[in-house]
Amino acid sequence: MSYISLSQKDKKEMLKVIGASSPQELFDSIPDDIKLKRKLKIPKAKTEPEIMEYFNQMAHKNKNNEYICFQGAGAYRHFIPAAVDYLSSRGEFVSPYTPYQAEVSQGTLQLIFEFQTLICQLTGMEISNASLYDGASGTAEAVLMASRINRKSKILVPKTLHPHYREVIKTYTKNLDMDIQEIKYDDSGQISMTELKKHLDKETSAVLCQSPNYFGVIENLDKISSLAHENKVLSIAVVTEASSLGLLKPPGEQGADIVTGEAQSFGIPLSFGGPYLGFMACQKEFLRQFPGRISGETKDVNGNQGFVLTLSTREQHIRRERATSNICTNQALCALRATIFLELLGKNGLRQWSWQNLQKANYAYDLLKGIKGVKSPFSGKVYNEFVIQTEKDWADIEKGLMKKKIIPGISLEKYYPELKKCGLVCVTEVSQKQDLDRFAEQFKEILSA
Amino acid sequence: MSYISLSQKDKKEMLKVIGASSPQELFDSIPDDIKLKRKLKIPKAKTEPEIMEYFNQMAHKNKNNEYICFQGAGAYRHFIPAAVDYLSSRGEFVSPYTPYQAEVSQGTLQLIFEFQTLICQLTGMEISNASLYDGASGTAEAVLMASRINRKSKILVPKTLHPHYREVIKTYTKNLDMDIQEIKYDDSGQISMTELKKHLDKETSAVLCQSPNYFGVIENLDKISSLAHENKVLSIAVVTEASSLGLLKPPGEQGADIVTGEAQSFGIPLSFGGPYLGFMACQKEFLRQFPGRISGETKDVNGNQGFVLTLSTREQHIRRERATSNICTNQALCALRATIFLELLGKNGLRQWSWQNLQKANYAYDLLKGIKGVKSPFSGKVYNEFVIQTEKDWADIEKGLMKKKIIPGISLEKYYPELKKCGLVCVTEVSQKQDLDRFAEQFKEILSA
Amino acid sequence: MIRERLIFEISDKGKKGFTFPELDVPEKKNLTDSIPVREDIKDFPQVSELEVVRHFTRLSQANYCIDKGIYPLGSCTMKYNPKINEKVAQIENFISAHPSLDPKFCQGNLEILSELEDMLIEITGMKAFTFQPAAGAQGELVGMMLIRACLEDRGDPRKFVLIPDSAHGTNPSSAHICGYKVKEIKSNKSGTVDLEDLRKNMNKDVAAVMITNPNTLGIFECQIKEAAEIVHSQGGLVYMDGANMNALMGICRPGDMGVDVIHLNLHKTFSTPHGGGGPGSGPVGVQKGLEPYLPIPRIKHKGSHFSLDENYPKTIGRIHGFYGHFLVVVKALAYILSLGPDGLKEASETAVLNSNYIRKSLEKEYHLKYKAPTLHECVFSDKYQKKHNISNIDIAKRLIDLKVHPPTMSFPLIVHGALMTEPTETESKADLDLFIDAMKQIDREAKENPDVLKSAPQESYVRRLDETKAAREPRLRWKP
Amino acid sequence: MIRERLIFEISDKGKKGFTFPELDVPEKKNLTDSIPVREDIKDFPQVSELEVVRHFTRLSQANYCIDKGIYPLGSCTMKYNPKINEKVAQIENFISAHPSLDPKFCQGNLEILSELEDMLIEITGMKAFTFQPAAGAQGELVGMMLIRACLEDRGDPRKFVLIPDSAHGTNPSSAHICGYKVKEIKSNKSGTVDLEDLRKNMNKDVAAVMITNPNTLGIFECQIKEAAEIVHSQGGLVYMDGANMNALMGICRPGDMGVDVIHLNLHKTFSTPHGGGGPGSGPVGVQKGLEPYLPIPRIKHKGSHFSLDENYPKTIGRIHGFYGHFLVVVKALAYILSLGPDGLKEASETAVLNSNYIRKSLEKEYHLKYKAPTLHECVFSDKYQKKHNISNIDIAKRLIDLKVHPPTMSFPLIVHGALMTEPTETESKADLDLFIDAMKQIDREAKENPDVLKSAPQESYVRRLDETKAAREPRLRWKP
Ligand SMILES: Cc1ncc(COP(=O)(O)O)c(C=O)c1O
Ligand SMILES: Cc1ncc(COP(=O)(O)O)c(C=O)c1O
C-alpha cells in the first residue's frame with residue numbers, strides 16, 4: 001500500500017516546474033559512494049488485508065487473554081469508558097503536531113489546561129505541566145529539578161520506590177555528579193524512619209516517597225515531608241497508582257514540594273508498558289525550574305480567552321543546553337485520555353472508583369491471609385496492592401496457579417532477594433468477587449498440595 | 001447509568017419556572033386509570049462495565065468466529081478498510097437527523113449526492129435515490145413503482161430471484177391487487193426464456209431479473225430487457241451482490257429501466273442481516289414515480305454550490321397517501337459507508353476486487369467440480385457464487401464439514417425442493433487459496449466416507 | 001469556510017486509496033469470455049486514502065449533530081446516543097455473523113433479539129414484537145398489514161383507515177400501500193382527536209384508526225380509551241404510532257389503553273443514533289389476537305435454547321431480507337439495560353420537564369395554538385412574528401447562526417408556521433437556555449432587525465439555499 | 001464561533017458521566033481508619049456523558065490537523081497517519097497485555113519489537129536498536145549516554161560535545177543532561193557543517209559530534225564521511241539526529257556514513273501520529289561497538305522463541321518504566337510492512353519532490369538564505385517581506401486564515417525569520433498548490449495590504465493570542 005497522493009501527471013508537471021527529469025536527480029547532493037546501491041532487504045509491501053492478518057496472528061501468539069491477571073506494580077488494569085476511546089481517537093486530536101500555532105490548536109491547548117487543573121486538584125499542588133514521558137522518567141526529572149532548585153546533589157531513594165523508577169533515576173543521574181542513597185524499609189513495609197533519619201542531612205537535596213509504595217503500602221508522607229523540611233530538604237512524592245489520588249490525602253496536603261508519577265490508571269490501557277502518562281506538579285515557587293510544556297491562559301486581540309504554550313524560556317527551543325529538561329514531544333494524547341476519563345468519572349465517580357479498589361484489594365488480602373500457610377510480611381495498610389508470603393517459593397505458586405489460568409501477581413525475588421517467598425498482588429475494581437474467591441481457593445489448593 | 005444532564009438544582013429551578021412542584025405533576029393530563037401503578041419489570045440498571053460484560057457474553061454464545069464460512073446468498077463477506085470504520089463512526093455523521101436543515105447538513109447532503117453519482121456510474125442509470133431499507137424491500141418498491149408507471153399489475157418474478165426478495169414482494173403487493181407470476185429456470189440456471197415468453201404479454205407491468213442470480217449465475221439481462229421492451233414491459237434489474245457491478249456490464253447498458261438491490265457488499269459488515277443498504281436507480285423519465293429521498297445540487301444566496309433534499313413533493317411529508325413510497329428514515333449511515341468504501345477502492349480497486357471475486361469463486365468451483373461425485377446442476381457462468389450437487393443430501397455434507405470447522409454454504413432444499421442435494425457456495429476475495437484447497441479436500445473426504 | 005469539492009473533482013488517473021492482496025489462485029483470463037463485461041467506469045473516483053480521509057473529515061464538520069449541541073427537532077427525539085452502545089454493536093462476533101448461520105452458531109444474537117422483545121413487551125404492555133421493520137414507516141406498513149390480515153381472517157379486510165389531521169405523513173402513506181383509503185379525522189380545540197368526528201366516521205367499513213400518542217402536538221390523547229372503544233365496538237382495530245413513546249416510558253402503556261398494534265422507533269425513544277437519516281428500526285408490537293400474523297421468521301426459545309420459527313401459517317410473510325436491523329437492536333437493548341426501570345421513567349419525566357421548561361420560557365414570545373398541557377414536545381408557531389413578515393423558516397435559519405438546531409417545521413399540518421420543539425431528556429439546562437435565549441433574541445430581532453432574520457444564516461457553511469431551484473432544475477448527480 | 005467553556009464552568013453538583021457497578025465484596029468502612037484520607041475535591045468536575053462528548057467534540061474541531069489539510073511544519077514530517085495502523089494498535093491482545101507478563105504469554109509482542117528492530121537495522125545500516133526512548137529527545141539522551149559509557153569504558157568520558165549552530169534545541173539540552181559541555185560548530189556558506197571549524201574544535205576532550213542529516217535546512221551533509229573521519233581520528237564518536245530520515249529511506253544509510261549512534265522519530269518518518277504532542281517513540285540505533293551499552297531489558301530470540309534479556313553488564317541501565325511505547329512500535333511496523341522496500345524509497349523520493357516543487361514555486365517570492373540543493377524541506381525567510389515590516393509570524397498567522405498550517409518558525413536559529421517548510425510525500429498537488437498560492441498571495445498582500453497580515457488570523461477560533469501576557473501573568477490552571 002502506498003500513501004502517495006500524486007498522479008503520474010502531477011509528478012511530471014512538478015518535475016517540469018522544478019526543472020528536473022526525475023525525482024532521483026533531486027538526490028544528487030548525496031555523494032554517490034554513500035548511496036545505497038541495492039534495494040532494502042525488507043519484506044515486499046503488504047496490503048491492508050495482509051497487515052490486518054499479520055497483526056492478528058501476532059496478537060494470537062500472545063496468551064494474556066486466557067488468564068486472569070493480578071499483576072500491578074506500576075501498570076494497572078482499570079475499566080476504560082467507551083467515550084474515552086471514541087473521543088481520543090478523533091483525527092483532530094490524533095493527527096496534529098504540538099500546538100505551536102495556538103490559534104489553530106485551541107482544542108489541544110484547552111484540554112491540556114484542563115489536564116493541568118485536574119492534576120493540581122488531585123495532587124493538591126499549584127502548578128502542573130502538560131505531561132512527561134512516564135512515571136519513571138518523571139521521577140528522574142523531579143530529582144534533577146530538586147537538585148537545580150537547591151543546588152545539592154544527595155538524593156534519598158527509598159527501597160519502597162518502584163525498582164524500575166530507581167533504575168531510571170540511576171541512569172539519568174549517573175553522569176551528573178549526584179549521590180543516590182537507598183533507604184531501607186521496615187516491618188510495616190514503609191520507609192524506615194530510623195534509616196531515613198540516619199541519611200538525611202543538610203547536604204541532602206531531596207527525599208523521595210512513593211505512596212502507596214511498591215508493596216502497596218501507604219506511606220507516612222506527611223511525616224517524611226516534615227522531616228525533610230526540618231532539614232531544608234525537598235520532599236518529592238511519587239504516585240504510580242494514580243487511582244489512589246481519589247481517596248488518599250493529596251501529596252500537596254502532606255508537605256510534598258514536587259509530586260510526580262504515572263497516570264496510566266486514568267483511562268490508558270496496559271499496552272505492554274506504553275505509551276503511558278508521566279505527570280508532574282509542584283508549588284508555584286519552583287516554576288522556573290519546572291520541566292516540560294505548560295499551557296497557559298491568555299487573551300486574543302479581541303480580549304477573548306485563549307490558551308498558548310507558555311513559559312517556553314525554560315525549554316530547549318530557546319534555552320538550549322540550559323533548559324529545565326530536554327523533553328520536547330511529550331504524551332499529549334495520553335493526557336487527553338486521562339482528561340476525558342477524569343471528567344467522565346467526576347467527583348463522585350472518582351471517589352467510588354478509589355473506594356472500590358481499596359475495598360476489593362483488601363477483601364482479597366484478607367481472604368489470602370486467611371489461608372493456612374499464607375502470611376503478610378508487612379503490617380502497613382494497603383490500597384490496591386499487597387505482598388503475601390508463603391512457605392513455598394513464589395515461582396512454584398505461580399506455576400501452579402497458571403495452570404488454573406491465573407497469573408497471581410509479581411515475584412519480588414528479583415529486586416528483593418530477601419522476599420523470595422513473596423509475591424505482589426494487585427486487585428482493582430475490574431475484579432469481581434467470584435474471581436477473587438476462586439483465586440483464593442486455588443491458592444489454598446496449591447499450598448495444601 | 002443515566003444520561004440526564006440536569007443537576008438537582010437545575011431541576012428545581014426549572015420546576016419553579018414552570019410552576020410545578022414535581023415532574024410527575026406534568027403528567028396530570030394522562031388519565032389516572034391508564035397510568036402504570038408499578039415499576040416496569042425489567043432488570044435494574046446496569047453500569048457500563050456490566051453492559052460490556054453482558055454483550056461480551058452474548059457474543060461469546062455465538063460460534064461463528066470458529067468457522068470458515070462460505071455462505072453468501074444476499075449477504076457477503078468482504079474486506080472493510082479501516083478508514084471506512086473510522087470515518088463512518090465520527091459523531092458528526094452518526095448523530096444528526098435526516099438533513100432537513102440543509103445549511104447545517106451539507107456533510108450528509110454532499111455525501112448522499114456523491115453516493116447517488118456512484119450508484120449511477122455503477123448501474124449505468126441516470127438517477128439514483130439516497131437509499132432504501134434493503135435489497136428485498138427495494139425490489140418490492142421497484143415493483144410498485146413499475147406498476148405506478150404503466151398502471152399494469154402483472155409482475156413476472158423469476159425463481160432465480162432471491163427467495164426472500166420474492167417473499168417480500170409478495171408481502172408488499174398482497175393487498176394491492178397485483179398479479180405476481182413466477183418464472184422457472186432452465187438447465188443453465190438462468191431464467192427460462194421459453195417460460196418467460198409464455199408469461200410475458202401486454203398486460204405485464206414488469207419483469208424482474210437478478211444477475212448474478214440466486215444461483216450465482218449471470219443472467220442474460222440484455223435479452224430479457226429487449227423482450228420486455230418489445231412488449232412495452234418494464235425491465236427491472238436486481239443486484240444482490242453489488243461487487244459484481246465492478247465487472248459486469250451495467251444494467252443500464254443492458255436495457256434495465258429500473259435497477260435496485262442490495263449494496264451491503266460496499267463496506268457494510270454482515271451484522272446478522274442488518275442494517276444493510278437498499279439502493280435504486282432509474283432512467284430520468286421515471287423520476288416522478290421514483291421513491292425515496294434525493295439530494296440535489298443548488299445554489300445559496302451568494303451563488304455558491306450547495307445541496308438540499310429535493311423533489312420532496314413525491315414524498316409523504318407533502319403528498320401523504322399519494323406519496324411514491326412511505327419511506328422516511330432510510331439507510332444514510334450505510335450509504336456513507338458505501339460511499340467511503342467505493343471512493344477508497346476507486347476505479348482500479350473496484351475492478352481488481354470484482355476480478356478477484358470472479359477468479360477465486362471459479363477456482364473453488366472448478367476444484368469442487370473436479371471431485372468425484374460432485375457435479376454442477378447448472379451450466380451458466382458464475383460470478384462469486386455457485387451451486388454444486390452431490391449424491392448425498394446437502395445436510396449431511398454440511399454436518400461433516402462443520403466438524404472440520406467449515407460452513408460450506410447454504411442448503412437449497414427449503415426454497416427449491418428439487419435441489420435437495422444441492423448447496424449454494426459463495427467465495428469472495430477474503431478467502432485464501434489455502435482455505436479453498438482445504439475446503440475441497442475436506443469435501444472430498446466427506447464424499448468418499 | 002472553504003467548500004469541500006466533490007470527490008470527482010479531486011480524482012486523477014492512477015491515484016489509489018486501497019490495494020487488494022495479489023490474486024493467489026491461478027488467474028484465468030478467459031473466465032469473462034462469454035459474460036457481459038463492462039467498460040472502464042468513466043470518471044469513477046481515483047484518490048488517495050489521505051484524500052478520502054480529508055474529504056470526509058471536512059464534510060463531517062459541515063454537519064450539525066447531537067454530539068455538538070442541542071437538537072430540538074420535534075417528533076425526532078434527538079437524545080444523546082451513548083458511546084457504549086456503539087461499542088457493543090462493534091463486537092466482532094456480532095458484526096461478522098452471517099444471517100444464514102444455523103441457529104446453533106448464533107445463539108447470542110437470537111437471545112439478544114428475544115431479550116429486547118421481552119423488554120419492549122413489558123414497556124408497552126403489548127404481547128409480542130417483530131424486529132423486521134427497518135424504520136418507523138415500515139413498522140406502520142407492517143402494522144396495517146397485520147390489521148388487514150386479521151380482519152381478512154375475520155371475513156372482511158374493510159376499506160378505510162381513519163387518521164387524525166395532526167398525523168405524520170407516513171401514516172396515510174403506509175395505510176395507502178396496504179390497500180386502504182384514508183379518511184382524515186379532525187382535531188378538536190384542545191388538539192386531540194375529536195371523538196364526535198371519530199364516532200361519525202367509524203363504521204363497519206373502517207379497518208382501523210391510526211393514532212399517535214402523545215400526538216404530534218405533544219398532547220396526550222386523554223380520551224384514547226374511549227376512542228378505542230368506539231373503534232372496537234365497530235370491529236375496527238387501533239394502531240398507535242409510537243414515535244412519541246419517549247414521553248411515556250414507565251408512565252403508562254399503550255397495551256393498557258386499548259391499542260392493538262404499535263410501532264416504536266428504536267432510533268428515537270431508545271437512543272440508537274439517527275445516522276443522518278438512518279438506519280433506524282421500527283419494531284411492531286401486537287396484542288395476542290394479532291400475533292399469528294406477525295412476519296416470519298420469529299424467534300422462539302425453549303429454556304435457554306433459541307431457534308427461528310417459520311411455522312406461522314397466518315403470517316403476513318417476510319418484510320425484510322433477514323431479521324431487520326440487528327445492530328440497532330443491540331444498541332437499543334444496551335440502552336434499556338443501562339437505564340433500567342427507574343432510568344427509563346426518569347428519562348420520560350425529564351424529557352417532559354425539559355419540554356415544559358422551554359414551553360413556559362417562550363410562551364410569551366411565541367404563539368401556542370393549543371393550550372392543553374403538553375408532554376415531551378410542544379408546537380409553537382410563527383403567528384406573532386408573521387406580523388413582522390417573519391416566517392418559521394426565517395426563525396429556523398437564524399437559529400443556525402445562533403448555533404442551535406431549529407425545531408421541526410414540516411408538520412403537524414394543523415399548525416400553520418409550526419415550530420415543533422422537542423428537547424429530549426439528555427439536554428443540560430445550559431443548552432436549553434441557549435435555545436431559549438436564541439428564540440427570545442429572534443423574537444426581538446423580528447421587531448427590531450428583521451433583515452438579520454431574512455438574510456440568515458450568515459455564519460454557516462453555506463448561506464440560505466435555493467430549494468425551488470433544486471426542484472425546478474434537478475441536478476441529482478455529478479457530471480463532468 | 002462560540003468559545004467552548006472550560007469543563008469546570010459547566011460542572012454542577014450531582015451530575016454524572018460514569019457509574020461503577022455496585023461494590024460486590026462486603027464493604028469495610030473502617031479500612032480508612034488509620035490512613036490519611038482526602039476531603040472532597042472542591043470544584044472537581046461533575047458533568048454528564050453528553051456534556052463530556054460535546055465538550056471534546058467541539059474542542060476537537062478547534063484543532064487543525066493532518067486529517068483536515070496540509071501541515072508543512074518543518075522538521076516535523078507531518079505525513080498522513082494511516083488508519084489501518086490505528087486499528088491494529090487497538091487489537092485487544094495488544095492493549096490488554098500487562099508489561100510484567102512472563103515472556104511465554106507475550107511472544108507476539110516480543111516478536112513485534114524484534115521485527116521492527118530488524119527493519120530499522122536494515123533501513124539505517126546500524127547494528128542494533130533499543131525502543132525504550134519515549135521520543136526523539138529521550139533518544140538523544142540515551143544516545144549520548146551510550147557514547148559516554150563507551151568512552152568511559154575506554155578510559156575517559158571526555159568533556160565536550162560539538163553541535164552545529166543549525167541544530168534542534170534538544171541536541172544541546174540532551175548533551176547537557178548527559179554531563180557534557182556543548183560547543184557550537186559553525187555552518188559554512190552552503191549551510192552544512194564547516195569542516196574547518198570542526199577540525200579546529202575536535203580534540204581528545206571532545207566526546208562526540210551531534211549531526212543532523214539532512215540538516216535542519218534540508219541540506220544533505222555531503223561531507224559527513226569526512227566529518228566522521230575527523231571525529232573518529234581523535235577518538236570521538238558521531239551521533240546522528242535522525243529526525244529527518246524521511247529524506248533518506250532506501251536512498252542511503254547512516255550506518256554507511258560513519259555514524260555510530262542514531263535516533264529515529266517513529267512519529268515522524270514512520271507515520272505514527274503525533275497526537276497533538278505525543279506520544280512519540282525515539283528508538284536509538286548503534287554500531288556493534290556500542291551494543292553492550294544499550295538499555296535493558298533487550299529482546300533476544302532463539303529461533304522463533306523470544307525472551308527478555310537483562311544480562312548486559314555494561315548497559316547504561318533502564319530509561320523507561322517498561323519497554324518504551326509499544327503501541328507506537330506496532331504502528332511503525334505496520335507502516336514499514338505496508339510500504340515495503342519500494343514504497344519506502346518512493347516515500348522519500350516523493351517527499352523530496354514535493355519539497356522541491358514548493359521551493360521552486362516560491363523562490364521568487366521568498367528569500368532562501370542557503371542556495372544549496374535541499375531534500376525533504378527547505379527554509380525560507382521573511383527577509384523580502386520584512387521590507388514591508390511583515391515578519392514570519394504575520395505570514396504564519398495569515399496562512400491560518402487561508403486554511404493551511406504555517407511552517408516552523410522557531411528554528412534553525414541561523415536563519416532569521418525562518419519559515420521551515422516540509423510538505424511530506426503524502427500531500428496531493430492540489431494541496432501543495434493551495435499552500436503555494438497562499439504564500440504568493442501573502443507576498444502580494446505584504447506589499448499591497450499589510451494590514452490584513454498584521455491583523456491575521458481573522459477567521460480562526462480565536463484571533464491572535466497574546467503570548468507575552470501568558471508568560472508575564474501566568475495562569476496555568478483554572479480557578480473558580
Ligand atoms: C410521528 C412519526 N411517525 C412516524 C415517523 C416515521 O418514522 P421513520 O422515519 O423511522 O420511518 C416519524 C418520523 O419522523 C414520526 O415523527
Ligand atoms: C531535528 C529534531 N531533532 C530532535 C527533535 C526532538 O524529537 P522529539 O520531539 O520526538 O523529542 C525534533 C523534534 O521536533 C527535531 O525536529
Side-chain angles (χ1 to χ4, degrees), chain A residues 1 5 10 14 18 23 26 29 39-40 44-45 55 58-59 61-63 71 87 90-92 94-96 98 103-104 106-108 117 133-134 136 167 171 175 249 269 272-275 296-298 300-301 306 310 316-317 320-321 323 326 328-333 344 346-347 349 363 433, chain D residues 17-18 24-25 36 38 44 46 56 59-60 62-67 88 91 93 95 97-99 105 107-108 134-135 137 169 172-174 176 179 182 220 273 275-280 317-318 321-322 325-326 338 340-341 349 352-353 357 360 373 428-429 460 462-463 465 470 475 477-478:
Chain A
M1 180 65 195
S5 304
D10 292 335
M14 289 162 64
I18 297 170
L26 302 173
S29 59
K39 223 188 232 196
L40 288 173
K44 81 175 211 308
F55 284 98
M58 288 293 158
K61 292 184 184 181
N62 290 346
K63 299 298 166 205
Q71 296 183 318
L87 291 168
R90 285 175 59 83
E92 294 93 328
V94 172
S95 77
T98 300
E103 294 84 357
V104 285
Q106 287 297 298
T108 299
T117 306
Y133 300 134
D134 70 347
E167 290 182 352
T171 311
N175 309 313
K249 193 186 269 277
F272 202 52
E297 192 184 323
T298 186
D300 73 4
V301 291
T310 191
Q316 81 295 326
H317 261 315
R320 301 182 78 84
E321 66 265 33
N326 68 333
C328 184
T329 294
N330 53 32
Q331 308 288 110
L333 202 63
L344 277 172
K347 186 192 275 195
Y363 172 79
K433 182 170 177 297
Chain D
F18 189 80
D24 64 351
V25 302
R38 76 176 308 151
F44 206 74
Q46 301 188 60
F56 288 99
L59 282 181
S60 78
N63 276 353
Y64 189 89
C65 63
I66 286 280
D67 280 6
V88 297
I91 294 176
N93 251 9
I95 63 172
H98 193 282
F105 299 139
Q107 286 292 303
S173 178
S174 301
H176 176 76
V182 172
F220 191 82
R318 184 185 277 279
F322 298 100
H325 291 170
F326 173 70
S338 294
E349 286 175 354
V352 171
L353 173 66
Y357 176 64
K360 191 73 186 182
S428 68
K429 180 163 179 298
S460 47
V462 285
R463 299 281 310 277
L465 289 160
R475 293 171 61 101
R477 58 164 293 189
W478 173 83

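Letters A, B, ... are given to chains in the order of the sequence lines, protein chains preceding strands, and every chain is numbered from 1. Hydrogens, waters and symmetry mates are skipped; everything else that's a heavy atom, side chains included, is used.
- Of the possible polar contacts, one joining the A:T117 side chain to the D:W478 backbone as a donor-acceptor pair under 3.5 Å is found.
- Residue contact with chain D, scored on non-hydrogen atoms closer than 4.5 Å, involves the backbone and the side chain of A:P275 alike.
- A donor-acceptor pair under 3.5 Å is formed between the side chain of D:N93 and the backbone N or O of A:N62.
- The residue among D:G17, D:A97, D:A470 with the most heavy atom pairs within less than 4.5 Å of chain A is D:A97.
- Under the ring-ring contact (aromatic ring centres under 6.0 Å, His included) criterion, A:F272 pairs with D:Y323, D:F326, sequence neighbours left out.
- Each of D:Q46, D:R477, D:H176 has some count of heavy-atom pairs under 4.5 Å with chain A, and the biggest count is that of D:R477.
- Considering all non-hydrogen atoms of both residues, D:R463 and A:V301 come closest at CB-CG2, 3.5 Å.
- Counting heavy-atom pairs under 4.5 Å between each of A:K61, A:E92, A:R90 and chain D puts A:E92 at the top.
- For A:T310, the part lying near chain D is the side chain, with the backbone staying farther off; criterion is any non-hydrogen pair under 4.5 Å.
- Heavy atoms of A:L87 lying under 4.5 Å from chain D belong exclusively to its side chain.
- Proximity to chain D (any heavy atom under 4.5 Å) is restricted, for A:D134, to the side chain, taken from C-beta onward.
- The two residues D:H325 and A:Y133 have their closest heavy-atom pair at NE2-O, 4.5 Å.
- In this structure, D:P279 and A:L333 have side chains that are in contact, with non-hydrogen atoms separated by less than 4.5 Å.
- In terms of heavy-atom pairs under 4.5 angstrom with chain A, the leader among D:P273, D:A135, D:G275, D:A134 is D:G275.
- Comparing A:K63, A:K39, A:Q331 by heavy-atom pairs within less than 4.5 Å of chain D, the highest count is held by A:Q331.
- Rounded to the nearest 0.5 Å, atoms CE (A:M14) and NZ (D:K360) are 14.0 Å apart.
- Across D:D67 and A:S95, no two heavy atoms sit closer than the pair N-OG, 3.1 Å.
- Closest approach of D:N63 to A:G107, counting heavy atoms only: OD1-N, 3.0 Å.
- Contact count against chain A (heavy-atom pairs under 4.5 Å) is highest for D:D24 among D:V88, D:D24, D:V182, D:I91.
- Chain D forms the most heavy-atom pairs under 4.5 Å with one residue out of A:G91, A:G346, A:G273, A:G296, and that residue is A:G273.
- When side chains are defined from C-beta on, A:E103 counts as touching D:L465, because their heavy atoms get closer than 4.5 Å.
- In terms of heavy-atom proximity, D:Y357 sits nearest to A:I18 at N-CD1, 3.5 Å.
- Pairing each heavy atom of D:C65 with each of A:P96, the nearest pair is CB-N, 3.8 Å.
- A donor-acceptor pair under 3.5 Å is formed between the side chain of A:T171 and the backbone N or O of D:R318.
- In terms of heavy-atom pairs under 4.5 angstrom with chain D, the leader among A:S29, A:A136, A:S5 is A:S5.
- Looking at residues two or more places apart in sequence or on another chain, you find a ring-ring contact (aromatic ring centres under 6.0 Å, His included) between D:Y64 and D:Y71, D:H405.
- Within 6.0 Å of CZ on D:R475 lie no more than 12 heavy atoms contributed by other residues, nucleotides or ligands.
- Each of D:G108, D:G276, D:S174 has some count of heavy-atom pairs under 4.5 Å with chain A, and the biggest count is that of D:G276.
- Residue contact with chain A, scored on non-hydrogen atoms closer than 4.5 Å, involves the backbone and the side chain of D:L353 alike.
- No other option in D:G321, D:P341, D:P373 has as many heavy-atom pairs under 4.5 Å with chain A as D:P341.
- From A:M58, atom CE reaches atom CD of D:Q107 across 10.5 Å, with rounding to the nearest 0.5 Å.
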